[in-house]
Amino acid sequence: MKNIIDKGLICFYKRGTNDVTEDHADPETMLLSFLREKLRLTGTKYGCGGGGCGACTVMVSRYQPANKTIIHYSANACLLPLCQLHGAAVTTVEGIGSTKTRIHPVQERIAKAHGSQCGFCTPGMVMSMYTLLRNKPQPNMEDVTQALAGNLCRCTGYRPIVDGCRTFCQETNCCRASGAGNCCLNREERTDGPEDEKPKLFDKEGFLPLDPTQELIFPPELILMAETAGPRTLTFQGERMTWVSPASLQELVQMKSSNPKAPLVLGNTNIVQRCPASTDYISDQNRVWVGAGFSLSEVRSLLEKLVPQFPEEKTELFKALIQQLRNLGSEQIRNVASLGGNVMSAYPNSDLNPVLAAANCKVTLNSPGGRREVPLNQDFFVSFGKTVLKPEEILLSVFIPFSRKGEIVRAFRQAPRKESSFATVTAGMRVVFSEGSRVVQDASIYYGGMGPTTVGAPKTCAAIITRPWDDETLSQAYDVLLDELALPPSAPGGQVEFRRSLTLSFLFKFNLEVLQKLREMNVITNELPEKMQIQPLPKEIQHSLQEFQHVSKDQSSQDPVGRPIMHRSAISQATGEAVYCDDIPKTDRELFLVLVTSSRANAKITGLDVSEALQLPGVVDVITAGDIPGKTVRTFSGYDEELLADSQVSCVGQMVCAVVADSRVHARRAASAVKIGYEDLPDSLFTEATEKSSYFEPRRTIERGNVAEAFKSVDQVYEGEIRLGGQEHFYMETQSMLVVPVGEEAEFNVYISTQWPTSVQDAVAETLGIPSNRVTCHVKRIGGAFGGKVTKTTILACITSVAAWKTNRAVRCVLERGEDMLITGGRHPVLGKYKVGFMNDGKIVAADIQYYLNSGNTVDDSVVVAEKILLHMDNVYNIPNLRGYAAACRTHLPSNTAFRGFGVPQCLMVVENMVNDVAMALGRPADQVRELNMYKGPSVTHYKLEFSPENMLRCWEECKLKSDYGARCRAVDLFNQQSRWKKRGISIIPIKYGIAFSESFLNQGAALVHIYRDGSVLVSHGGTEMGQGLHTKMQQVASRELHIPHSKIHISETSTNTVPNASMSAASFGTDANGMAVKNACETLYQRLEPLRQKNPGGTWESWVKAAYFEKISLSATGFYRGPDLYMDWDKMKGQPYAYFTFGACCSEVELDCLTGDYRTVRTDIVVDIGKSVNPSADIGQIEGAFMQGLGLYTLEELKFSPSGLLYTRGPSQYKIPAICDMPLRFNVHLLSDSNNPHAIYSSKVRGHDVQISVFFAIKDAVAAARSESGLVGPFPLRSPATAEKAFLACASPFTHKIPTSKPGSFKPWALNI
């Protein structure tokens, strides 16, 4: 897809045909909304609206007349104003390939390597990789990871995406041990012959070759325009704003003088092409002047080009800037953000400004009064987001000097995530030495993230200058710096102790680097022991292993069960043709709904003024609780939850009313105009629920043995606790729905992204006061869910249906990312307290564990989550005396809900931390204590369920074997002895996970199978496809049972008019329930055809089907599965709540930077028992995805609330889910062989969710090694998530001890301690 913009007129080109024109480009229209809403090119997705997820990635191409070249770069369509694209060609995922023409090799390889699960992120991944290949057809792995760093995926765990993209790379990137006899490729993939060859998830030999000559050409019309069109001013007039692109620098200066308050858009704008002074650079032997219009990517490329052209001593600053530019934002952001814009934004935690300031850089400013040069130092930054520039001035260029002999420049940053993340603290440091001397001639130190502006440390520098660079000088400098850069305990952004410690830590790192440099310069000799030297954390992604069993040699070649079949929609997801809810075309007179939410946590509603909103353009109505014709609440666990608050609100983000308008833009403007009056109520509770006895009932207790008596007979007793933060689902597709009134008898079609269509059907019917048979719910596919699209989705659907009912028009509701995170809740934060009694050999005799869940303002699923926590509190340990108590606490935070694992991840963290503390208290290896306490032989759980732990023990032993655990433990110990400031840790964790619903009625499945006269088959079932491959597996089941190729079988959607009363797709039970139902229906049909097969044994499937039709044999059948009768009697503390268990074990090794808290997962090995896998590619993909989601939960993702209960972290810029930089460098998954499960289809098991906790304990192991350097041994607290902040502070380095702690209660914290 190509476009040209000129004077408000936009002409679009599709493969050379200019068949679309846009007469008026609105300056407020972003490219994303234009593509999706105007052109109906919906392959480009809305994921966050802030450039943080990469779902909307497109390729922008421009012709450069000066050197007659064409450049291509990736960009976020959600951040590109349409008016910026004058003279540019834009390529979307639809433009590079489709199933109707030919698919592009990038699309094919990501799909066939199983890199597309829910598929919502896939078009963005495709376009990032496609752009890389347009610029570099033979990339290396670093190029690939850099290109994909700005693209988030919540499903896959990234490994299959990386593997698919790796096929474009030329080099072999393995463990680098070749020649040493222990290479990963030689060791683990070597086979003895063809018969022993291990099966692979995909075969790269059949991939389409990449042929750069076949790519789309740049439109000749744009080249002609660029070569011949003279400079002229372009003006775009919108509904509320005017955009002017001046033709020259002189005109720009004049316009800025006339409109001093107008923002100057520099990054990737028309100014870039129209004002050569802002995009040129001038270089001589002493300096480089870089135009302010240079994109950050161009600045990096320029500096990388200059570095090899000059002596090393002259490029110290260049290399420091390159280092920062590699991690500043994503590739998409750096491609469009400008150097001048980055400087002028004056972010307090800027990556570049501290380095530029420390290096004595300058800027050139232009105004009608002429030009002036201004030093880029502390005085340049006046206040938050403000600089010394006068209103009429513009930034023209930045002066970057060459470094001189004896000068050392370094840059440092620490961020919540290693890449594509705003920094927590940054620093630029420079020191100059006399030749051959260690005496400091000059020094400058600047920090970002230590106040409202970039701040210098002149007093610290003064303590260094004229003194020798040695321990005495630096020791004094640390004390001066600590006093100089003080932060109040309630400083915005929080993390005060961490941030202050980092300033010292960075200076110490600088000290180590300076000493290393002085040694290279032969100024010093032996002052830097090897143990003290620091190296960057490893980052090269290695080849990984995915091991699974071959299917039987006797299995028919057309039987797909047990084979790694590609996700049935992967290709269409990769081409952008897959339709998600918001991709459905607009219907006639369709309206858009935007919710208005509470800004108070606990208050009466005293007034609701919608008059101003109703007067705005396009607004049709405002929906309130009084408009609901039927039931106004939904009931969960005996508690009513209002659809719309009527008289009182109980959390920030509670839905109060909804605005409907003719467009989403108009609806959002009107929503912000609604005024709500409040009267605050006393006693808002956020974290103090236990003290105030604020609970949702019932609270649950379970006990085995006699805990109180057992504590009297043990050798040791230890008491501890651990807090786990919550987790946002961050499904890539936000909550989306479309409600369409149809027919004359109050009928409604609901198109929605939900895990439980039946619940939506029932709820909408009850809300509107109509029978359920008037509501049909349709689910084509879901762009990720993880438990988050059940209860809150149902409530949102009810509100949207009221709007459709009241207006008698179709109404669409698609939440923005910030709204979604604010409204829908997530995983429950949990406080776990435990008292454990054990013997000196590590045998645990008694444990008393209490779990307190922060449920939020409504009960939702909290009571059921608390119950599941208690049912899994033993994990794999046979503790003879065990007592558990779980309480769902009622607070004034947004209600939490179901999330993948449903309480088990929190439960496992508490019990595993308890076992870990026992090991640390005894000074014994944690794996030995775990193994000593495991179930062995015929076993009984604490709720009296009999089971066999044989496969659990097999997983444990195989994981130790596959991971080479013993040898690696010794290697970790050796590494830690040889390194002071980097430590490694390793941990192996087992798991037992119960499958199915403990509420027995939910354990059922249904299906409807049609065979058409041409032999094609249509399968419908009650499960929803959300990336887990459920539809693909159902296709495989039908293929086996009907004995036909799976290509003859189609699954269109999940709908309540084909399969009624279906259970939700949750609890890992979708394949078991629906697979058996599909099997049942297909068996019925196959049996009906048996007489025809006997009559014509040489016939074909198609001939038998035709014959059946003419003999009036029904070719349609329903299937049903009545699942196991499960139960749990909490009064008797016994039951059978699960059909069976899945088992697993996971070993992870990390490397930790003790001076920043950053870590890298060096290797992970997972062994999982999933019986006989129906589809190994889907199962391995789910295991990897669960691991990465758990890695986020336990180490990275942190929800932060203000003291008034407002969620701060409402998007990817504040809330960090794992990215490619977080995946293990080696990521091995092994499916347990020779495992059978008589309780599920084809002896399979569904995946357990929680083998991912091992990284947390590997980090804790590394922290323990760091603490031992300070003489600290024994148990210590480490909260989850073990972010860089928590790991760094837990290391208890000498620098953290220097930071004075503020007494709790003496200040108001920036964020709540949830």
Side-chain angles (χ1 to χ4, degrees), residues 548-552 554-555 559-563 871-872 876 935-941 943-956 958 990-1000 1002-1007 1021 1023 1030 1033-1034 1036-1041 1063 1067-1084 1086 1119-1128 1135-1145 1167-1176 1178-1179 1182-1183 1230-1249:
F548 57 96
Q549 267 189 293
H550 267 302
V551 298
S552 167
D554 300 327
Q555 183 170 317
D559 180 355
V561 172
R563 304 183 195 275
L871 294 175
H872 284 79
V876 301
Y935 286 107
K936 296 177 180 71
S939 299
V940 180
T941 67
Y943 47 88
K944 301 177 179 61
L945 174 63
E946 296 179 358
F947 77 103
S948 170
E950 178 187 352
N951 279 1
M952 178 267 290
L953 297 171
R954 285 185 60 207
C955 287
W956 176 259
E958 280 208 25
I991 181 177
K992 168 174 65 68
Y993 189 93
I995 298 299
F997 295 97
S998 56
E999 299 82 5
S1000 187
L1002 292 172
N1003 296 309
Q1004 57 177 290
H1021 60 91
L1030 181 60
K1033 287 187 173 184
M1034 297 306 99
Q1036 291 174 270
V1037 171
S1039 172
R1040 166 173 280 190
E1041 296 304 322
S1063 295
S1068 303
F1069 201 60
T1071 298
D1072 286 1
N1074 295 291
M1076 293 297 281
V1078 170
K1079 182 175 184 288
N1080 176 237
C1082 291
E1083 285 174 338
T1084 300
Y1086 196 72
F1120 187 76
Y1121 172 64
R1122 188 184 188 278
D1125 294 321
L1126 305 179
Y1127 73 98
M1128 181 63 200
Q1136 185 178 344
Y1138 303 116
Y1140 58 89
F1141 293 107
T1142 59
F1143 304 106
V1167 177
V1168 183
D1169 168 29
I1170 55 169
K1172 291 185 176 179
S1173 174
V1174 174
N1175 186 329
D1179 291 334
Q1182 287 292 289
I1183 291 165
H1230 312 269
L1231 302 187
L1232 189 70
S1233 61
D1234 300 319
S1235 173
N1236 293 291
N1237 177 30
H1239 306 289
I1241 189 166
Y1242 304 144
S1243 292
S1244 68
K1245 288 186 178 182
V1246 294
R1247 287 85 55 185
H1249 287 310

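These numbers were taken from a predicted model, which means no experiment stands behind them.
In terms of the salt bridge (Lys or Arg N to Asp or Glu O under 4.0 Å) criterion, residue partners of Glu1083 (sequence neighbours excluded) are, by chain and number, Lys1079. A search for salt bridge (Lys or Arg N to Asp or Glu O under 4.0 Å) contacts involving Glu1041 returns nothing, not counting sequence neighbours. With sequence neighbours left out, Tyr943 forms a side-chain hydrogen bond (donor to acceptor under 3.5 Å, both in side chains) with no residue at all.
Rounding to the nearest 0.5 Å gives a distance of 6.0 Å between CD1 of Ile1241 and CE of Met1034. Here the straight-line distance linking atom CD1 of Ile1170 with atom CG of Asn1175 works out to 9.5 Å at 0.5 Å rounding. A distance of 7.5 Å separates OG1 of Thr1071 from CG of Asp1179, quoted to the nearest 0.5 Å. In this structure, CE in Met952 is found 7.0 Å from OG in Ser939, a value given to the nearest 0.5 Å. In this structure, CE in Met1128 is found 14.5 Å from OG in Ser1000, a value given to the nearest 0.5 Å. A distance of 12.0 Å separates CG of Leu1232 from OG of Ser1173, quoted to the nearest 0.5 Å.
Here the side chains of Phe1141 and Asn951 are not in contact, with every heavy-atom distance at 4.5 Å or above. Inter-residue side-chain proximity for Val1174 and Gln1036 is flagged as met; some heavy-atom pair is nearer than 4.5 Å. The side-chain heavy atoms of Gln1136 and Tyr1127, taken from C-beta on, include a pair separated by under 4.5 Å. A heavy-atom distance below 4.5 Å is not found between the side chains of Thr1142 and Val1168.
The one candidate from Tyr1138, Tyr1140, Tyr935 that meets the ring-ring contact (aromatic ring centres under 6.0 Å, His included) condition with Phe947 is Tyr935.
Using modelled atom types, no side-chain atom of Glu958 and backbone atom of Val1167 make a donor-acceptor pair closer than 3.5 Å.
Around CD of Gln549, the count of heavy atoms belonging to other residues, nucleotides or ligands within 6.0 Å exceeds 12.
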